[in-house]
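The structure appears below as structure tokens.
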Amino acid sequence: MRDVVHWLNEALRGGREFVYCQVVETKGSTPQKAGAGMVVNADGGQTGTLGGGCVEAEVKQRAIGRIDRDGAELQTFVLDHDHAWADGLICGGKMSILAEAPRGPASLAYFQALERLLDAGDGFQEGVVIDAARGGLAVPLGTRVLVGPDGGLVANLPADLDVAEIVASAADLASRPKPGVRGGVAWLPTLPRIRLVIVGAGHVGQAVARMAAEADFDVWVVDDRRQYANTERFPEARRVLVGPIGAVLADLDVDPRTYALIVTRGHGHDEEALGRLAPTRASYVGLIGSRRKIRLIFESLVAGGLDPSTLERVAAPVGLEIGSQSVPEIAVSIVAELIARRNLGEPALARLRGAMHAERGESNDFVAETGVEF
């Protein structure tokens, strides 16, 4: 979405004509969910996607035909034989898409504010009016509001409207709201972005960084080897920190929006990193390795004075069980676990991991001995 909004702002600054098409409501199974966007320019080029297939093609054709019109248009598609047969998407889903051609300084100011919120990563909500009559609102179709992480109004479009009533209906971002329509307003939340600290710049760390960045994590990389930890090998990383691992982690500001993944080259570095990260406020700490290696590291840390309770929440071995063998497969399993933790929460992830262990008939004697789950 950041790429779409960045392109949109560049087009507005350059005075280029385009149509912005955004999924504002979905029901049932659909190829994209509310919030997905696509911009279509006059020659038929596009940035972003609504999920591909017949729906996207039809929206694109309609967009080209209305590229010089003012105002917004709401388009609704049911994924039936007409719009889904050729793509194998017959599942009874329904998509509502708002198409509009933003232009002028007010639009630029609004979408610049949207881009700043996306880049900041602190979370926000966008409200888009799709049925003013339903909500008793005296505003036009397509009216937009941006509500910041503190619940206050950041920007609205058109800029001269009184949107206090709309802003008041925004959900509490701390409740991690899902997209939905209330009172004729489609609310499209963007939750606070998670910072993923990858400790270890080897092959697994590199593969995880690439996939995690694609999944909208802010990737930070920590290693003591400059030849491995650099922007050439990690172009998607927000920051690359080089230095003694323990010292770097000691200076790192870790908060509940931090996930930490330990994938260093050796047991000693793994143990040092885990000893630093396990007691922090990071809401996820994962450690790669065999169960024997993990047992030895846990026992060593506890023997060295670390409170065993700080290890209870460590995900180890890290990654969902999908039979991974190659580095890309291992990265997929790890990033899948990170996404599950972010989107479903810790209780759901714990149940998922527990079910996988139970299905394989595994036991964990270390739990009985120390009370530490891993």
Side-chain angles (χ1 to χ4, degrees), residues 1-9 19-39 47-51 55-56 59 72-77 93-100 102 107 109-132 134-135 137 139-159 161 163-194 215-216 339 342-343:
M1 190 60 181
R2 278 184 282 178
D3 290 342
V4 171
V5 176
H6 179 74
W7 188 99
L8 189 155
N9 277 316
V19 173
Y20 178 41
C21 307
Q22 185 176 32
V23 181
V24 290
E25 184 178 19
T26 64
K27 294 182 180 178
S29 181
T30 57
Q32 283 278 35
K33 296 303 180 183
M38 173 180 76
V39 288
T47 298
T49 180
L50 304 180
V55 169
E56 179 170 290
V59 171
E73 176 187 8
L74 188 66
Q75 305 168 13
T76 299
F77 301 88
K94 181 178 178 181
M95 301 174 70
S96 294
I97 296 163
L98 190 78
E100 58 185 321
S107 292
Y110 179 87
F111 286 105
Q112 283 179 327
L114 174 57
E115 187 170 17
R116 288 193 296 271
L117 287 171
L118 285 167
D119 287 341
D122 295 326
F124 64 94
Q125 296 176 80
E126 184 175 30
V128 184
V129 175
I130 62 172
D131 189 344
R134 191 195 322 178
L137 302 170
V139 297
L141 174 70
T143 295
R144 293 176 177 271
V145 300
L146 288 175
V147 179
D150 61 354
L153 176 67
V154 175
N156 57 281
L157 187 69
L161 295 180
V163 294
E165 185 177 358
I166 300 175
V167 173
S169 68
D172 180 2
L173 196 64
S175 68
R176 300 185 66 83
K178 296 184 181 299
V181 177
R182 300 189 300 277
V185 179
W187 285 104
L188 311 172
T190 296
L191 300 179
R193 199 156 55 246
I194 297 296
D216 205 32
I339 292 171
R342 180 183 65 184
N343 293 355

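Treat the numbers as computed from the prediction; the structure is a model and nothing was measured.
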>> Can a side-chain donor-acceptor contact be found between Thr49 and Gln32 if the only test is distance below 3.5 angstrom?
In response: no

As an exercise, state the distance from [atom1] of [X] to [atom2] of [Y], rounded to the nearest 0.5 Å.
X: Thr47; Y: Tyr20; atom1: OG1; atom2: OH; result: 12.0 Å
X: Asn9; Y: Glu115; atom1: CG; atom2: CD; result: 5.0 Å
X: Ile339; Y: Ile194; atom1: CD1; atom2: CD1; result: 12.0 Å
X: Asp119; Y: Arg193; atom1: CG; atom2: CZ; result: 7.0 Å
X: Leu98; Y: Glu25; atom1: CG; atom2: CD; result: 12.0 Å
X: Leu191; Y: Lys178; atom1: CG; atom2: NZ; result: 8.5 Å

>> Just to verify, which of Leu161, Val128, Leu153 counts as forming a side chain to side chain contact (heavy atoms under 4.5 Å, CB included) with Val145?
In response: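 Result: among Leu161, Val128, Leu153, Leu153 is the only option passing the side chain to side chain contact (heavy atoms under 4.5 Å, CB included) with Val145.
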
> What pairs meet the side-chain hydrogen bond (donor to acceptor under 3.5 Å, both in side chains) rule with one or both residues in residues 144-156, with sequence neighbours excluded?
Replying inline: Gln22-Arg144, Glu100-Arg144, Glu126-Arg144

>> Walk me through whether Leu50 and Cys21 qualify under side-chain contact (heavy atoms from CB on, under 4.5 Å).
In response: CA-CA 8 Å; Leu50 304 180; Cys21 307; 4.2 Å; yes

List the atom of [X], the atom of [Y], and the distance in Å for their closest heavy-atom pair.
X: Leu74; Y: Leu141; result: N-CD2, 4.0 Å
X: Pro31; Y: Met95; result: CD-SD, 3.8 Å
X: Glu165; Y: Gly135; result: OE2-O, 4.3 Å
X: Ala186; Y: Val24; result: CB-O, 3.3 Å

>> Let's go through Thr30 and Phe77 carefully: what are the C-alpha distance in whole Å and the side-chain angles of both, what is the deciding distance for side-chain contact (heavy atoms from CB on, under 4.5 Å) to 0.1 Å, and is it a yes or a no?
In response: CA-CA 10 Å; Thr30 57; Phe77 301 88; over 6 Å; no

>> Set out, in order, the CA-CA distance, both residues' side-chain angles and the distance that settles side-chain contact (heavy atoms from CB on, under 4.5 Å) for His6 and Leu118, then state yes or no.
In response: CA-CA 10 Å; His6 179 74; Leu118 285 167; over 6 Å; no

> Can you list the steps and then say if Arg116 with Val154 is a side-chain contact (heavy atoms from CB on, under 4.5 Å)?
Replying inline: CA-CA 11 Å; Arg116 288 193 296 271; Val154 175; 5.9 Å; no

>> So for atom NZ, which belongs to Lys33, do other residues, nucleotides or ligands contribute more than 12 heavy atoms lying within a distance under 6.0 Å?
In response: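 Counting other residues, nucleotides and ligands, NZ of Lys33 exceeds 12 neighbours.
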
